[in-house]
Amino acid sequence: MARNNCKNGLPRHIEIALALVGLIFASPLLIPAMVLIKLTSQGPALFRQKRVGRGAKLFTLLKLRTMAVNSSGPQVTAKGDARITPLGRFLRKTKIDELPELWNVVRGDLSLVGPRPEAPKYVDVGDPLWERVLEVRPGITDPVTLKLRNEEELLAGFEEPESFYTTKLQPYKLIGYVEYLRERTWRSDVEVLVRTVSAVLSPARVPPPTVREIEEKVKKLSRFSPQAQ
C-alpha cells in the first residue's frame, strides 16, 4: 500500500467541527472539574507539557492537572504514583483529564485519531518507526491507546517502570501505530472514535494486552524495518 495512505484520516474541517462540538458538550464536566482542582490542591487547573508533534515540531499539550505541582520524577506514570492527587486519580480513570486536548485539535496540534504525542525525551527522530509516526499529526485516540487503557497498571508491576516503558511498551506502541497508519482511512478513524466512546462507557469491552503479548510483539520488531515497509 502506498506510503501516503497513512495520511488519509478525517478531513481537518470535520475534525475541527467535531472538536468544537465535543468541547461544548464536555463543558458541564470540564468547568466543575477545573473548579474542584483549584479547590482541592494548589496550582493551575490546566496542565501544560511540551510534546512532539508532526514533523518533530514541539507543541504544548493541554490536560486537566492530576498531579501535585512541582512534582519531580519520571514522565511516565504508574498506578499508585504518589504524585497523583485523589481527584486526579478519578479524572485519569475516567479520561476526563484529556478533554482539554480537544482544543489542541482545534488549534491544529492534534487530530482526533492518531498516534499519541510523546514527551521529547522519549522520541528518537532517527528511528525508522519514529520517522513514520512523525509524518502524521498525533491524536487523542487510536487503536493502540484503546488497548492500553491499563497502561498505568502495567507500569505499576515493575520496579523500574520507566525502563519497561522505553524498552518494551513504547516499541509496542510504535509498531501498533505503524500498523494502523498503513491501512488508515477516514472510515477507520470514525470506527476508532466510536470504539473510544464505547471504551470510556464500558472499559471491559476493550481487553488490554498482557505483558507477554507486548514482549512477543516487540520481539518481531525486525518486521518493521524500512525495507519491510
Side-chain angles (χ1 to χ4, degrees), residues 1 3-7 9 49-59 61 63 73-81 92 95 98 101 109-184 188-189 192 195-196 199 203 206-229:
M1 186 166 290
R3 191 180 179 91
N4 287 339
N5 282 353
C6 70
K7 301 178 182 179
Q49 186 182 58
K50 292 296 182 182
R51 296 291 178 95
V52 181
R54 187 177 186 178
K57 294 181 179 179
L58 296 181
F59 71 95
L61 183 74
K63 286 188 175 187
Q75 290 182 305
V76 297
T77 310
K79 185 177 180 180
D81 193 313
R92 295 171 79 98
K95 303 301 181 182
E98 297 187 8
E101 293 176 23
D109 304 318
L110 295 178
S111 289
L112 291 175
V113 178
R116 286 296 294 165
E118 188 62 270
K121 70 173 292 186
Y122 299 122
V123 176
D124 179 4
V125 294
D127 184 289
L129 286 174
W130 270 116
E131 287 180 1
R132 292 295 306 274
V133 169
L134 294 176
E135 288 180 352
V136 301
R137 189 179 284 111
I140 294 177
T141 185
D142 71 287
V144 180
T145 301
L146 281 174
K147 290 181 180 179
L148 289 174
R149 283 180 58 85
N150 70 331
E151 180 174 327
E152 292 186 1
E153 295 179 13
L154 283 171
L155 293 172
F158 295 86
E159 292 184 5
E160 298 182 3
E162 190 171 29
S163 176
F164 174 74
Y165 182 82
T166 56
T167 61
K168 302 295 182 182
L169 198 54
Q170 190 191 65
Y172 174 86
K173 289 182 177 184
L174 292 172
I175 293 169
Y177 295 154
V178 171
E179 287 179 333
Y180 179 71
L181 293 175
R182 281 175 171 172
E183 307 294 334
R184 182 186 190 183
S188 67
D189 275 11
V192 170
R195 288 171 56 200
T196 298
V206 185
T210 63
V211 172
R212 182 175 180 179
E213 288 171 341
I214 291 171
E215 292 176 339
E216 286 297 319
K217 191 160 192 173
V218 172
K219 285 181 181 179
K220 301 175 183 177
L221 190 60
S222 59
R223 292 171 44 209
F224 295 85
S225 64
Q227 292 79 10
Q229 299 175 45

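Between the side chain of Glu213 and the backbone N or O of Thr210, at least one donor-acceptor pair lies under 3.5 Å. Using modelled atom types, no side-chain atom of Arg54 and backbone atom of Leu134 make a donor-acceptor pair closer than 3.5 Å.
Across all their heavy atoms, Phe164 and Leu155 have their closest contact at CD2-CD2, 3.9 Å. Looking at every heavy atom in both residues, Pro120 comes nearest to Val52 through CA-CG2, 3.7 Å. Closest approach of Leu129 to Asp127, counting heavy atoms only: N-OD1, 2.7 Å. Considering every non-hydrogen atom in both Arg51 and Pro117, the closest pair reads NH1-O, 2.9 Å. Heavy atoms only, all atoms of each residue included: Ile140 and Thr145 are closest at O-CG2, 4.5 Å. Residues Arg184 and Asp189 share a closest heavy-atom pair of NH2-OD2, 3.0 Å.
Distance CG/Asp109 to CG/Leu61: 8.5 Å, rounded to 0.5 Å. Taken from OH in Tyr172 to NZ in Lys147, the straight-line distance is 4.5 Å, to the nearest 0.5 Å. Expressed to the nearest 0.5 Å, how far CG of Leu58 lies from CD of Gln49 amounts to 11.0 Å. Expressed to the nearest 0.5 Å, how far CZ of Phe59 lies from CZ of Arg137 amounts to 10.5 Å. If you take CD on Glu101 and NZ on Lys63, they are separated by 5.5 Å, rounding to the nearest 0.5 Å. Expressed to the nearest 0.5 Å, how far NZ of Lys217 lies from CG of Leu174 amounts to 11.5 Å.
Under 4.0 Å is where a charged nitrogen must lie from a carboxylate oxygen, and between Arg212 and Glu215 no such pair does. Residues Asp142 and Arg116 are not paired through a salt bridge, judged by the lack of any N-O separation under 4.0 Å between the basic side chain and the carboxylate.
Between Thr77 and Arg92 the shortest side-chain heavy-atom distance falls below 4.5 Å. Annotation: side chain of Leu112 is not in contact with side chain of Thr141 (no heavy-atom distance under 4.5 Å).
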**OP:** Assess whether side-chain contact (heavy atoms from CB on, under 4.5 Å) is satisfied between Leu169 and Val76, documenting all intermediate values.
**Re:** CA-CA 11 Å; Leu169 198 54; Val76 297; over 6 Å; no
**OP:** Apply side-chain contact (heavy atoms from CB on, under 4.5 Å) to the pair Lys121 and Glu162, showing each step before the final yes or no.
**Re:** CA-CA 12 Å; Lys121 70 173 292 186; Glu162 190 171 29; 3.1 Å; yes
Subject >> Pair Thr196-Val113, side-chain contact (heavy atoms from CB on, under 4.5 Å): steps then yes or no >> reply: CA-CA 10 Å; Thr196 298; Val113 178; over 6 Å; no
Original post:
When you look at Lys168 and Phe158, which way does the side-chain contact (heavy atoms from CB on, under 4.5 Å) test go after all the steps?
Top reply: CA-CA 12 Å; Lys168 302 295 182 182; Phe158 295 86; over 6 Å; no
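No more than 12 heavy atoms of other residues, nucleotides or ligands shown are found within 6.0 angstrom of NZ on Lys79. Counting non-hydrogen atoms of neighbouring residues, nucleotides and ligands closer than 6.0 angstrom, the CD atom of Glu160 reaches no more than 12 such neighbours.
Screening Glu151, Lys173, Gln75 against Tyr165 for a side chain to side chain donor-acceptor pair (under 3.5 Å) leaves a single residue, Lys173.
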